[in-house]
Each structure stands twice: as structure tokens, then as C-alpha cells.
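Input: a single structure, listed below in C-alpha cells.
Chain A is the first sequence line, chain B the second, and so forth, proteins listed ahead of strands; every chain is numbered from 1.
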Amino acid sequence: MKGLAALRPAPVKGWTVNQTQSSAGPPALRLSGITKRFPGVVANDAVDLTVHAGEVLALLGENGAGKSTLISILYGLYQPDEGAVELAGQPVRIGSPAQARRLGIGLVPQHPLLVSRHTVAENLALGRVGGLFPARRVAGQVRELSARYGLEVNPEARVSDLSPGEKQRVEIVRALLGGARVLILDEPTSVLTPQEAEGLFRVMRELKADGRSLIFISHKLDEVLAVADRVTVLRRGKVVGGVPTRGATRESLAELMVGRSVDFTRKRAGGPGAEAGALLSVRDLSAQGARGLPALRGVSFELRRGEVLGVAGIAGNGQSELVEVLAGLHAATGSVTLDSQALTGDAAARFRSGVAHIPEDRIHSGTVPSMTVAENLALRDFERPPLARGLARDLTATDERARREVEAYGVATPGIHTPTRLLSGGNIQKLILARELAGQPKLILAVHPTYGLDIGATDQVHRVLLDRTGDGAGVLLVSEDLDELLSLSDRVAVMVGGSLLGPFPVAEVTRESLGLLMGGAHPHSIPGADQGPTQNGVMA
Amino acid sequence: MDSIVIEALVRALAVGTPLLLACLGAILNERAGVVNLGVEGMMAVGALAAFAVASKSPDASLWAAVGAAMLAGAALSLLHAFATVTLRANQFVSGLALALIGTGAAGLLGKKFEGLPLFNKVPDWTLGGFTISPFTVAALILAGLLAFWLTATRGGLTLRSVGENPAAADVLGVNVGLTRVLAVLGGGALAGLAGAFLSLSYRSSWADNMTNGLGWIAVALVIFVGWRPLRAIAGALFFGFLYYLQFRLQGNSNVPTEVFSAMPFILVLVVLALAGVRGQAGDAPAALGRAYVRGER
Ligand SMILES: Nc1ncnc2c1ncn2[C@@H]1O[C@H](COP(=O)(O)OP(=O)(O)OP(=O)(O)O)[C@@H](O)[C@H]1O
Ligand SMILES: [Mg+2]
């Protein structure tokens with residue numbers, strides 16, 4: 001296999017290019033009656049699904065609906081309890097991921113599955129390239145591919161240094177290298193910036209034109225409408241409907257998904273004015289990032305009582321460091337005061353002084369995957385009353401509170417003693433929210449708080465965050481989803497190269513002006529952003 | 001003055017040889033994610049097997065003796081592979097058991113070889129005026145080969161990936177279990193080879209407990225050298241030198257012998273403390289010591 005020639009699908013009998021109707025020939029992929037049970041849940045219940053060559057099928061469903069389980073079956077990670085899989089009319093048994101790959105099925109998993117200590121090229125060479133210097137051999141192909149599809153990846157970079165979005169890109173390149181005819185993308189855009197996502201959609205359209213079949217999972221309905229041809233909706237493991245995207249709207253899809261209508265309008269009326277007073281004030285904050293490069297360069301701003309301050313920016317411009325510094329996880333110079341008191345100490349001390357943190361990486365820094373739901377919910381305060389008496393933990397109180405929170409936040413779990421690694425992605429996120437918001441925090445540091453959440457849950461999280469501002473809490477909301485920022489924030493700041501631009505009142509910015517600022521344009525050259533209040537901003 | 005330095009270096013190289021061989025073996029299986037604490041046992045079994053073959057007759061093949069040692073080490077390590085990879089038993093417990101089984105079995109089966117002569121030991125080579133065992137040369141070459149193989153070949157990449165993130169390797173069609181079993185067998189064979197050096201070259205006799213804690217030091221050395229084969233050369237030399245010092249002191253002092261018999265274990269602590277100071281535990285393969293179960297989230 002040499003270069004891009006390998007990307008062209010081999011002609012297969014019964015495969016027709018650019019055909020989106022089922023009239024001619026068997027579908028590229030057909031699942032019939034797939035059932036998969038886990039202890040306590042039926043994750044997939046007699047699921048039927050077809051995808052044709054040259055078609056993008058979107059798989060929709062709430063958190064825990066069984067989407068990841070279904071594609072794990074397709075990729076040979078799980079064996080179905082019942083049901084059959086057909087590829088191009090041929091019945092197949094997919095015993096392992098390797099077999100799935102041989103059959104031409106590629107997967108971009110929801111959580112990148114990479115060896116962090118290895119380079120990108122080493123990861124991509126694994127299981128593919130033989131002989132001597134496998135990494136060096138694959139690097140050329142990777143560069144070719146990334147140039148062709150505009151997927152920027154540096155083959156020499158170490159995976160542990162990559163942002164979540166960059167890791168996702170590595171997985172996409174891997175699937176493309178494998179020359180998959182059926183490509184499955186499990187929430188590939190949840191950590192991508194709008195520009196990166198647009199790049200991915202271009203890739204998807206090209207692959208579709210090549211006659212490949214794509215299964216696309218996303219909770220962002222705009223994306224689904226933009227890129228998919230057809231939609232299949234799962235609810236509690238069952239297929240509850242399927243429609244072509246032509247003629248569908250965001251509202252109609254949402255209703256199909258959650259079974260009730262969902263409100264997409266801006267939820268925030270008007271935030272507090274300058275008279276509300278500063279809750280958090282940050283002066284001249286500077287910090288080093290990984291590899292000793294400056295990650296924050298003299299960042300100053302104020303967050304008012306009861307305000308939602310949005311922070312936009314392309315991943316890797318200092319947003320993560322800013323939040324980590326405020327949460328007490330990263331060293332910095334400069335001063336930070338919360339409620340006129342200097343904010344110092346480690347993460348635990350800051351949590352006690354009212355700082356809640358919803359971290360970016362929910363699996364590794366947000367939870368302990370092997371511990372139970374109840375234990376993860378108690379992580380912040382298991383050693384204090386009411387969860388402890390003296391030196392002993394009060395397990396009854398812990399369980400009771402866990403039950404209440406699971407109920408209140410709608411965490412779908414077989415039980416409170418289930419290890420969190422068994423929960424679906426969205427439910428892990430709900431669990432973190434439940435824990436972090438339990439203690440009536442004054443300052444909520446939220447990084448991609450709705451990453452991976454379905455529309456119902458997103459709506460719920462937004463309401464919870466806004467509720468807290470009603471009680472005077474301030475929210476620092478870091479998100480790559482500009483629509484989320486614009487619909488929740490009172491003011492929006494942009495981070496570029498470790499500096500903070502703004503904050504600007506939300507009425508004075510648009511998607512486009514933010515996008516330009518994120519790309520490094522000068523604020524004065526952007527209409528709408530030029531009268532932004534600069535008294536707190538660091539204008540370069 | 002010069003001759004003392006050279007003498008010390010030559011002796012350090014000699015004691016360093018089994019350390020290096022066993023350490024390379026342990027690096028091999030640990031980079032695949034399997035800790036094997038049984039090095040001492042596999043070394044003992046290897047030493048005995050080599051001696052048993054070589055002492056059978058005056059014209060016994062030394063190659064056959066070396067082969068027997070490696071086979072014996074690998075055979076013993078198969079128990080560990082079966083327990084930890086197939087049955088997913090705790091790697092530390094299984095390795096400890098292996099060390100006990102190996103040293104015990106070698107002691108028991110080796111009774112009749114005690115005091116027997118070795119007809120022909122592996123002849124030393126003379127290089128530029130001082131003597132060096134072929135085992136030492138082989139160990140140095142093996143260190144280079146292992147370093148190259150791990151970083152620059154498909155097999156090495158596969159093995160390292162299995163030790164870092166077996167789930168990622170599994171998804172890509174790598175047979176995680178088989179890779180780990182082979183790595184453990186390789187580790188066992190190298191520990192056996194280290195044993196052969198002791199009974200065919202270093203001592204050219206068989207005695208109970210002739211491994212004398214070297215296997216334990218080798219296990220600790222892996223951490224000290226940060227799981228890197230080339231650094232293992234320097235590490236083995238350094239600890240070979242400390243070992244040599246111990247022999248020298250033992251001869252010329254009134255310190256009770258019990259102190260010296262405790263020496264290997266003190267050295268293990270020294271190794272681990274030094275590694276800790278240098279923060280090397282962070283270099284450990286990410287999946288080290290953990291059994292792999294497919295589909296477990
Ligand atoms: N290995 C497992 N063991 C036990 N239960 C599991 C396992 N994998 C998934 N589940 C359960 O099966 C259900 C479906 O999970 P799945 O991950 O497929 O949901 P999803 O639709 O992908 O959700 P999300 O949008 O949150 O990613 C959930 O209730 C989950 O807890
Ligand atoms: Mg999922």
C-alpha cells in the first residue's frame with residue numbers, strides 16, 4: 001500500500017458510488033435485530049440499521065441511549081447477544097477490531113485511544129507498518145493525508161502534548177490511513193473548534209463522494225443537518241425513528257430524540273451591570289505551560305457577582321492554564337482575589353473557599369474511573385461531616401446523598417455502586433457537575449461543561465449554571481462552542497496566545513467577530529468589537 | 001594505580017554481566033507491561049541447567065549448556081506468563097512465588113552437582129591485555145540490539161504499545177496476550193543466560209544460592225535505568241562495582257559476614273532510593289503490572 005492510492009476504496013461487488021437510495025443493490029452495511037445486554041441495562045434492544053454506499057448516516061440519541069455500544073459491536077469490541085451484521089449483502093461475524101479493520105470498518109472513537117508516551121507517527125504505525133523504522137515510514141503518508149484534507153497533525157509530536165482536538169485528528173487520520181469503507185465517527189466534533197469541525201466535514205464529504213459509508217454520532221443537531229443524509233434515532237437502546245435530513249429541522253430532530261420539544265432560544269436575559277461589584281479579580285497573571293513556554297501573559301480581568309463570563313479561543317491558547325491556575329492546579333505569578341480575599345492554596349483549599357471546577361478531561365482528571373458513582377460523588381468532601389464522623393466515613397450518608405444527586409441530575413446508571421468507567425460519556429459529565437455544584441460554590445470554573453451531553457442534558461446544565469448566578473455565583477465558562485458562549489454569557493473574552501482580549505458585552509460581539517479574534521485578528525479591526533470595554537482587558 | 005583501576009573495571013564488568021543480562025530480560029517483559037520478580041529464581045535454574053549439561057562429559061557442548069540455561073529460564077517464566085496473562089493473577093505475587101520456586105528447585109536438584117568439576121569452562125577472551133568473558137561481550141551487544149529493536153522495529157513498537165496502552169494495541173489487531181507471553185519468555189531466557197554465565201564462566205562450578213541476590217538487584221536496576229537498555233550498561237557496571245567492593249571488604253575486615261550476606265538487599269534499597277531521587281518511577285510503562293481485559297472500560 002503506497003500513499004494516497006490506498007485511500008481509494010477497492011471496487012467491491014454490489015457497491016455503487018454516490019447512491020443514497022436503497023433501490024439498487026444491497027446496502028453497504030445492515031444491522032438486524034442487534035441486542036446487547038449489560039448487567040442492569042439493555043444497551044441495545046433489537047436494533048435495525050442500514051447505511052448505503054456514499055451515504056452519511058447520523059446516529060442520534062440521548063446520553064446512554066446505546067450509540068457507543070452499537071458501534072462497539074460493529075467494530076468487534078463487543079459481541080452482540082442477538083442479531084446479525086451484513087456487509088454489502090454478505091453476512092459477517094466481527095470477532096475483533098482487527099477483523100473489523102480487515103473488513104473495511106474504521107472507527108474514530110469517542111475517547112481517543114492512543115499511547116500517550118509515543119509520537120503521533122508511532123501511534124499511526126502500530127499494527128500497520130512492518131519492518132524497520134515503522135514510524136518514519138508512516139510519517140510521509142500522514143503528511144500527505146493531512147495536507148490533502150486540511151487535518152493538521154505533526155507526526156513527530158508526542159501524543160501527551162496534544163490537545164483533545166489534536167488527538168481526535170490523529171484518530172481520524174488513522175481511520176483514513178486504514179482505507180476504511182465504512183467509517184464510524186463517535187462524537188468526533190465534541191472537542192473540535194468550529195474551524196476544525198468544518199475541516200472534518202469537508203473530509204467527510206470527500207469520503208462520501210468516494211463511495212464510502214459514514215456513521216456519524218453527534219449531539220450537535222446543526223452539524224447533523226449540515227453533513228448527514230439520513231438520521232436514525234435511538235432511545236433507551238431501541239430505534240425510535242429514522243428520517244432523511246432534507247426537510248428536517250433542529251426542532252424536529254430534537255423532538256424525535258427526547259420525545260418532547262426543546263427550546264433553543266437564548267436563555268440569558270440580561271446579566272448584572274458593573275454595579276454588581278467584582279467577585280473575582282485577576283491581576284497580571286502569568287504562567288508557564290508545558291515545555292516551559294509562556295501559557296499566560298499578564299492576564300487581568302474581573303468577574304462580577306452573578307455574571308457568566310465566557311472565554312472563547314482555539315484550544316491551546318491558554319484557556320486550560322487559566323482555569324487550572326484559578327483552581328489551584330497550576331503555578332502562576334500575579335494576584336487573584338475572590339470576594340476581596342486573596343485566593344491561594346491547593347485545589348482542596350480553594351474548593352473549600354468556594355471554587356468549583358468542571359475540568360476539561362472528565363475521565364482522567366474529573367473522576368476516578370474504577371471507583372463507584374457514590375465514591376466519585378463524595379471525592380470532594382468524604383472526610384468531612386456529613387459524610388464522615390470523626391475518622392470514620394458515614395457510608396449511609398454518602399449513599400443517601402449519592403442517590404439524591406443521581407436523581408437530581410438524571411445520571412443514568414445501573415446503581416450508585418457501579419464503577420464510573422461503565423457509565424456513558426455524558427453521564428460521567430453529569431456526575432462531575434453534581435459533585436462540583438453540590439457545595440453552593442461562589443465561583444464556578446466550567447470548561448466545556450456540556451461536552452458530550454445530549455440536548456436535554458445540555459439544556460439542564462445551562463439552567464443549573466444560570467440558576468447559580470441568580471444566587472450571586474460567578475461562572476467562568478470556557479467553551480469552544482460559540483453558540484453556547486453566546487447564549488449563556490453576559491460578557492465574552494477571547495484568549496489568543498496566552499493573552500486575554502476583552503471582555504466584551506455579549507451584545508457587541510457576533511460569531512464572526514469572535515471567530516476572527518480567536519484567529520488572532522486585532523480587536524480594533526473588527527466591527528462590533530471595537531467599543532468593547534477595555535478597562536480590564538489587555539489590549540495588545 | 002592504573003592496574004587497580006583496570007582490575008576494578010574488569011571485575012565490575014564481570015559481576016555486571018549477569019546483572020546486565022537479567023536486567024535486559026526484565027526490561028523486555030516490563031516494557032510489555034509484565035513485572036516479573038522471579039528473576040532470581042530463573043537465574044538459579046539457568047545456572048543449574050547449564051552446569052548439568054556441561055558437566056555431563058568432557059566433550060559436552062557449551063552451546064548446548066547455554067541453550068539449556070535459556071530454555072530452563074524460559075520454561076520457569078512460562079509459569080509466570082500463564083498465571084499473569086492467562087489467569088490474570090497478581091504479577092507481584094506470582095513473581096515472588098517464581099523466585100522461591102526457582103531458587104528452591106535449583107537448590108534441591110543441584111545437590112548432586114555440588115563440588116563437581118566443570119570439564120571445560122567457557123574460555124575468556126583476551127582483548128588488549130585484559131581478559132573478558134564472551135558472555136560480557138554478548139551482553140553488551142544484546143543491550144545495543146534490544147535498544148535498537150525496541151525503538152526502530154515493528155516488533156519493538158508493538159511490544160512498547162502493549163506495555164503502555166494494551167487497549168489501544170488490541171483495537172489495532174495486536175495480540176496483547178501473545179505479545180506479553182513472548183516478552184515474559186524472552187525475559188526468562190535472558191535471566192537463564194545470566195545464570196549460565198555464573199556457572200560456566202564466572203565460577204565454573206555449581207553451588208547452592210550462587211545467584212546471591214543478583215536477580216533482585218537486576219529487578220531494581222530496571223527502575224534505576226528507567227527501562228532503557230543502553231542505560232542498563234552503565235547501571236550494571238556501577239552496581240557490579242559496588243558488588244566488587246563488597247567482596248574486597250569482605251576479605252579485609254572484621255565486619256561480621258551476616259552484614260555482607262545482607263548486602264544484595266541493601267543494594268536493592270540503594271538502587272530504588274537513587275531511582276526515587278531521580279524521579280524515575282515516572283518512566284514506568286503506563287500499563288506495568290496490570291492485567292489486560294478486553295472491553296473493560
Ligand atoms: N461495559 C459495560 N458494562 C456495563 N454497562 C455498560 C457498558 N457499556 C455501556 N454500558 C451501559 O450501556 C448504556 C449505553 O451506553 P453507551 O455508552 O452506548 O451510550 P451512548 O449512547 O454512547 O451515550 P453518550 O451519548 O453519553 O456517549 C449505558 O447505560 C451504559 O451505562
Ligand atoms: Mg457514547
State which residues pass salt bridge (Lys or Arg N to Asp or Glu O under 4.0 Å) with A:E122; sequence neighbours excluded, sorted by chain then number. B:R160

Only counting residues at least two apart or in another chain, list the ones meeting salt bridge (Lys or Arg N to Asp or Glu O under 4.0 Å) with B:R290. none

Tell me, for A:R174 versus chain B, whether the close heavy atoms (under 4.5 Å) come from the side chain, the backbone, both or neither. side chain

Return yes if a side-chain donor-acceptor contact under 3.5 Å exists between [X] and [Y], otherwise no.
{"X": "A:N44", "Y": "A:T35", "value": "no"}
{"X": "B:T136", "Y": "B:T17", "value": "yes"}
{"X": "A:H417", "Y": "A:T372", "value": "no"}
{"X": "A:N376", "Y": "A:T367", "value": "no"}

Which residue out of B:T158, B:V171, B:T153 racks up the most heavy-atom pairs below 4.5 Å with chain A? B:V171

Give the member of B:A168, B:G156, B:P285 that has the highest number of heavy-atom pairs under 4.5 Å with chain A. B:A168

Are any of the side-chain heavy atoms of A:F38 and A:L422 separated by less than 4.5 Å? no

CG of B:L214 to CZ of B:F197: how many Å apart, nearest 0.5 Å? 9.5 Å

Which one of A:R117, A:Q99, A:R136 has the most heavy-atom pairs closer than 4.5 Å to chain B? A:R117

Quick check on the interface: out of A:S370, A:P97, A:A98, A:S72, who has the most heavy-atom pairs with chain B under 4.5 Å? A:P97

Please check: side-chain N/O of B:S94 versus main-chain N/O of B:Q91, any donor-acceptor pairing under 3.5 Å? no

Say whether, by atom type as modelled, one donor and one acceptor occur between the side chain of A:K67 and the main chain of A:G61 under 3.5 angstrom. yes

Per-residue contacts, residues 172-188 of chain B versus chain A, heavy atoms under 4.5 Å: B:L172, B:G173, B:V174

Listed by number, the residues in residues 22-37 of chain B that come under 4.5 Å of chain A (heavy atom to heavy atom) are none

For B:A287, is it the side chain, the backbone, both or neither that has a heavy atom under 4.5 Å from a heavy atom of chain A? neither

Hey, mind stepping through A:D45 and A:K36 against salt bridge (charged side-chain N to carboxylate O under 4.0 Å, His left out) and telling me if it holds? CA-CA 7 Å; A:D45 191 351; A:K36 178 73 183 173; over 6 Å; no

Can you say whether the rings of B:F224 and B:F238 are parallel (under 30°), tilted (30 to 60°) or perpendicular (over 60°)? parallel

